[in-house]
Number of protein chains: 2
Amino acid sequence: MANIKQIAKAAGVSVTTVSRVLNAHPYVSESKRKAVEEAIERLHYARNMNAVHLVKGMTQTIGVILPQIQTAYFSKLIEGIAAEALKHNYQLMLCQTGYRPEEEIKVLDLLRNKRIDGVIICSRSLSLDQVEDYAGYGPIVLCEDVRQRKLSSVYYDHYASFRNAIRYLWDRGHRRIGFTLNRRNSQNSLRRRQAYADILRELGGEARDEWLLDGCSEIRDGRLVADWLLRMKERPTALLLTGDEIAAGFLVAIKEHGFGIPEDVAIVGFDNQPISEVFGITTIDNRLLDIGTQAFNIAYSRIQDPALPPVTEELQFRLIERSSV
Amino acid sequence: MANIKQIAKAAGVSVTTVSRVLNAHPYVSESKRKAVEEAIERLHYARNMNAVHLVKGMTQTIGVILPQIQTAYFSKLIEGIAAEALKHNYQLMLCQTGYRPEEEIKVLDLLRNKRIDGVIICSRSLSLDQVEDYAGYGPIVLCEDVRQRKLSSVYYDHYASFRNAIRYLWDRGHRRIGFTLNRRNSQNSLRRRQAYADILRELGGEARDEWLLDGCSEIRDGRLVADWLLRMKERPTALLLTGDEIAAGFLVAIKEHGFGIPEDVAIVGFDNQPISEVFGITTIDNRLLDIGTQAFNIAYSRIQDPALPPVTEELQFRLIERSSV
DNA sequence: CTGTTAGCGCGTTCAC
DNA sequence: GTGAACGCGCTAACAG
């Protein structure tokens with residue numbers, strides 16, 4: 001495995017010159033360039049990027065913290081990040097942390113240790129203060145609404161989208177509205193619960209605790225939601241399901257019990273996943289792809305220019321009407 | 001950002017000693033160890049891993065080539081890889097290549113350039129010979145049945161599973177059997193087509209070209225399958241759908257046309273995804289999780305001991321009976 | 001047990 | 001246009 005020195009010798013030039021052609025620098029005579037290229041070819045030279053990274057202090061790699069890859073929500077987010085990373089010739093270090101704080105720390109340590117140039121946090125269990133401790137080592141971008149001095153973030157307004165969806169159901173005559181959550185006390189969940197409470201108070205509607213079910217995230221959970229609904233004495237006539245997979249799972253399960261959608265229960269999903277299209281589920285398009293794209297761009301621009309201050313960017317959601325309400 | 005030299009000075013020892021405590025080597029007196037640890041703490045020292053990688057010639061990172069992350073099939077495969085990587089404290093560089101040869105090459109070049117220690121190829125468009133050219137730079141594991149001298153592979157038997165599924169349908173009275181494929185001419189698809197032809201010849205059944213539809217991979221495609229079926233004069237009474245998402249999409253679409261499953265069309269899916277459980281779809285469990293696990297382990301063991309020869313490992317599929325046949 | 005020193009492979013001033 | 005030489009930060013002989 002040849003190194004730059006051997007190429008230099010083989011081409012009859014100095015290592016500097018080799019380095020210059022390697023990095024497409026100007027001021028190299030055509031003849032020497034040719035000689036170097038020929039030597040590279042002949043000796044099957046491949047640069048050792050670890051040396052480059054050491055010298056440059058950068059790795060052209062961004063780390064991504066997410067609890068689970070195998071979840072439609074995160075897959076879509078990654079898709080957005082990955083597409084943008086490709087454009088800028090960056091690599092992605094995907095770190096599935098399962099919401100384990102130790103694992104999340106490990107990823108932040110990759111940043112400290114200069115293995116990655118920046119971090120995108122799709123979802124976390126660490127406190128913001130803990131995350132902020134690492135802000136000095138490189139840009140950190142969160143996919144949620146945080147306004148912490150040293151952290152950037154991109155998100156869509158969970159609060160407004162939830163209000164909006166409930167209002168939508170209310171306007172269509174629904175007075176008993178229930179909803180699910182993933183993690184009961186995540187930032188996003190708290191915002192949603194607040195929105196639920198606020199809008200129903202404003203509308204003079206009822207907001208019952210028993211109409212909330214948490215711990216729902218995948219398609220299987222749709223069945224749990226159905227069971228939960230069936231067990232209730234006073235059932236909601238409409239449900240906000242935080243994830244189209246859950247919505248689809250619920251739809252299938254509840255139909256088995258003879259319920260019609262939307263006649264017996266109306267549902268609104270989230271994420272605008274392909275599955276919602278197939279089932280005609282009305283859903284909130286929360287721009288996951290765009291959030292991923294922006295998350296990368298924010299990190300990238302701050303890697304290029306570390307002087308740039310953190311930013312917070314809000315994306316507009318939209319409600320996609322289909323036939324489940 | 002302190003370096004090892006400064007820590008040495010601060011602790012009043014040599015860099016070697018610092019390195020020793022950093023790497024948990026024996027033969028360091030308790031007092032010096034304490035001093036070093038204290039200095040590390042006090043100066044907020046963090047190792048620059050690029051220097052370590054340069055010196056060691058390894059990066060504790062494995063690259064994964066896959067066309068798409070946002071696909072249930074690959075997500076599940078990644079899940080298996082990631083879980084195992086975590087155990088061995090390895091990082092994953094996920095490279096979404098979209099079946100673009102240039103992108104696949106770029107990943108193999110990461111291996112040449114020593115940015116990663118090994119590569120797992122979930123699916124590819126490069127020829128095996130092209131891939132094999134890189135075998136000298138580190139272990140390469142494919143998730144398909146290849147028996148190339150320098151490449152390892154893990155897979156389940158597509159041929160046998162397809163035969164098996166068709167036999168299963170045949171035994172239940174189906175004589176007109178259709179199927180879908182993802183990429184028409186991928187290795188796996190070729191094996192499946194062969195299995196289809198072989199088993200039907202053996203059974204004395206009919207194998208029609210028009211009963212094959214390719215280019216299907218996601219849930220939306222289920223609708224295409226339904227349209228395709230409806231357009232036919234002589235329709236298959238049973239379908240093998242190469243992906244549970246497709247199967248689910250098809251099921252929904254065909255029911256809209258008043259077809260019953262399995263009465264009017266029987267279906268068998270692939271992958272044993274959660275969605276198949278929800279819909280009660282009979283499916284082939286192709287052990288994606290285990291394939292991922294093994295792929296990592298094969299790569300890992302060969303990184304530890306480069307002298308180990310490539311291996312080919314076959315995993316047993318199983319048919320999971322539910323209610324779609 | 002501990003320190004000196006020579007690399008690992010490459011980018012980059014700076015002088016020519 | 002070109003090259004000598006230093007430095008990036010760390011590991012590992014080797015000598016003691």
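All values reported here derive from a predicted model rather than from experimental measurement. Below, chains carry the letters A, B, ... as their sequence lines are ordered, and counting in each starts from 1.
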Chemist: Would you tabulate the nitrogen or oxygen pairs shorter than 3.5 Å linking the protein to nucleotides 12-15 of chain D?
Modeler:
residue : atom : partner : partner atom : Å
D/dA12  : N6   : B/Thr16 : OG1          : 3.1

Chemist: Please state how far atom CG in B/Leu43 lies from atom P in D/dG9, giving the value in whole angstrom units.
Modeler: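 Going from CG in B/Leu43 over to P in D/dG9 covers 14 Å.
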Chemist: Would you check if there is a donor-acceptor pair between the side chains of A/Glu144 and A/Gln187 at a distance under 3.5 Å?
Modeler: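 Note: A/Gln187 and A/Glu144 side chains miss the donor-acceptor criterion.
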Chemist: For A/His53 and D/dC8, give me the distance from atom NE2 to atom C1', rounded to whole Å.
Modeler: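 Roughly 13 Å, once rounded to whole Å.
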Chemist: Would you tell me if any nitrogen or oxygen in the side chain of B/Asn3 comes within less than 4.0 Å of OP1 or OP2 on D/dG9?
Modeler: yes
Chemist: Looking at every strand, decide which applies to B/Lys32 at a 4.0 Å heavy-atom threshold: base, sugar-phosphate, or nothing.
Modeler: sugar-phosphate
Chemist: Without decimals, in angstroms, what is the distance between B/Asn113 CG and C/dC8 C1'?
Modeler: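 Those two atoms, CG and C1', are 16 Å apart.
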Chemist: Any chance the side chains of A/Asp129 and A/Gln148 put a donor and an acceptor closer than 3.5 Å?
Modeler: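 Result is yes, a qualifying pair exists.
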Chemist: Whole Å only: how far is the CG atom of A/Asn50 from the P atom of D/dG9?
Modeler: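 So the two atoms are 15 Å apart, to the nearest Å.
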Chemist: Just how far, in rounded Å, is C1' of D/dC10 from CD1 of B/Ile4?
Modeler: 6 Å
Chemist: When the nearest nucleotide of DNA chain C is assigned to B/Leu54 and to B/Val28 on a heavy-atom basis, which residue is associated with the more 5' position?
Modeler: B/Val28
Chemist: Can a side chain N or O of B/Thr17 be found less than 4.0 Å away from OP1 or OP2 on C/dG3?
Modeler: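 Yes, B/Thr17 has a side-chain N/O under 4.0 Å of OP1/OP2 on C/dG3.
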Chemist: By the 4.0 Å heavy-atom rule, please label A/Val13 as base, sugar-phosphate, or nothing.
Modeler: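 Sugar-phosphate contact only.
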Chemist: Consider the side chain of A/Ser29, meaning its heavy atoms from C-beta on, and name the nucleotide among C/dG3, D/dG1, D/dT11 that approaches it most closely.
Modeler: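 My answer, after comparing the listed nucleotides, is D/dG1.
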Chemist: What is the distance, rounded to the nearest whole Å, between atom NZ of B/Lys5 and atom P of D/dC8?
Modeler: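 Atom NZ in B/Lys5 sits about 8 Å away from atom P in D/dC8.
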Chemist: Report the distance from atom NZ of B/Lys9 to atom P of C/dT2, rounded to the nearest whole Å.
Modeler: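 Rounding to the nearest Å, NZ of B/Lys9 and P of C/dT2 are 20 Å apart.
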Chemist: I want to confirm an ordering. Mapping A/Gly12 and B/Val18 to their closest nucleotides on DNA chain D, which one lands closer to the 5' end?
Modeler: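 Nearer the 5' end of the strand: A/Gly12.
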Chemist: One thing to verify: whether A/Glu84 and A/Lys87 come together as a salt bridge, which I'm taking to mean a side-chain N less than 4.0 angstrom from a carboxylate O.
Modeler: yes
Chemist: Between B/Lys34 and B/Glu38, does at least one N-O distance fall below 4.0 Å, as a salt bridge requires?
Modeler: no
Chemist: I'd like to know whether the aromatic ring centres of A/Tyr156 and A/His158 sit less than 6.0 Å apart in this structure.
Modeler: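 Between A/Tyr156 and A/His158, the centre distance is under 6.0 Å.
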Chemist: Under 3.5 Å, is there a donor-acceptor pair between the A/Asn48 and B/Arg112 side chains?
Modeler: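 Checked: A/Asn48/B/Arg112 side chains show no N/O donor-acceptor pair below 3.5 Å.
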Chemist: Measure from CG on A/Asn48 to C1' on C/dG9 and round the result to the nearest Å.
Modeler: 6 Å
Chemist: Is the ring pair A/Phe296/A/Tyr300 parallel, tilted or perpendicular, if the boundaries are 30 and 60 degrees?
Modeler: parallel
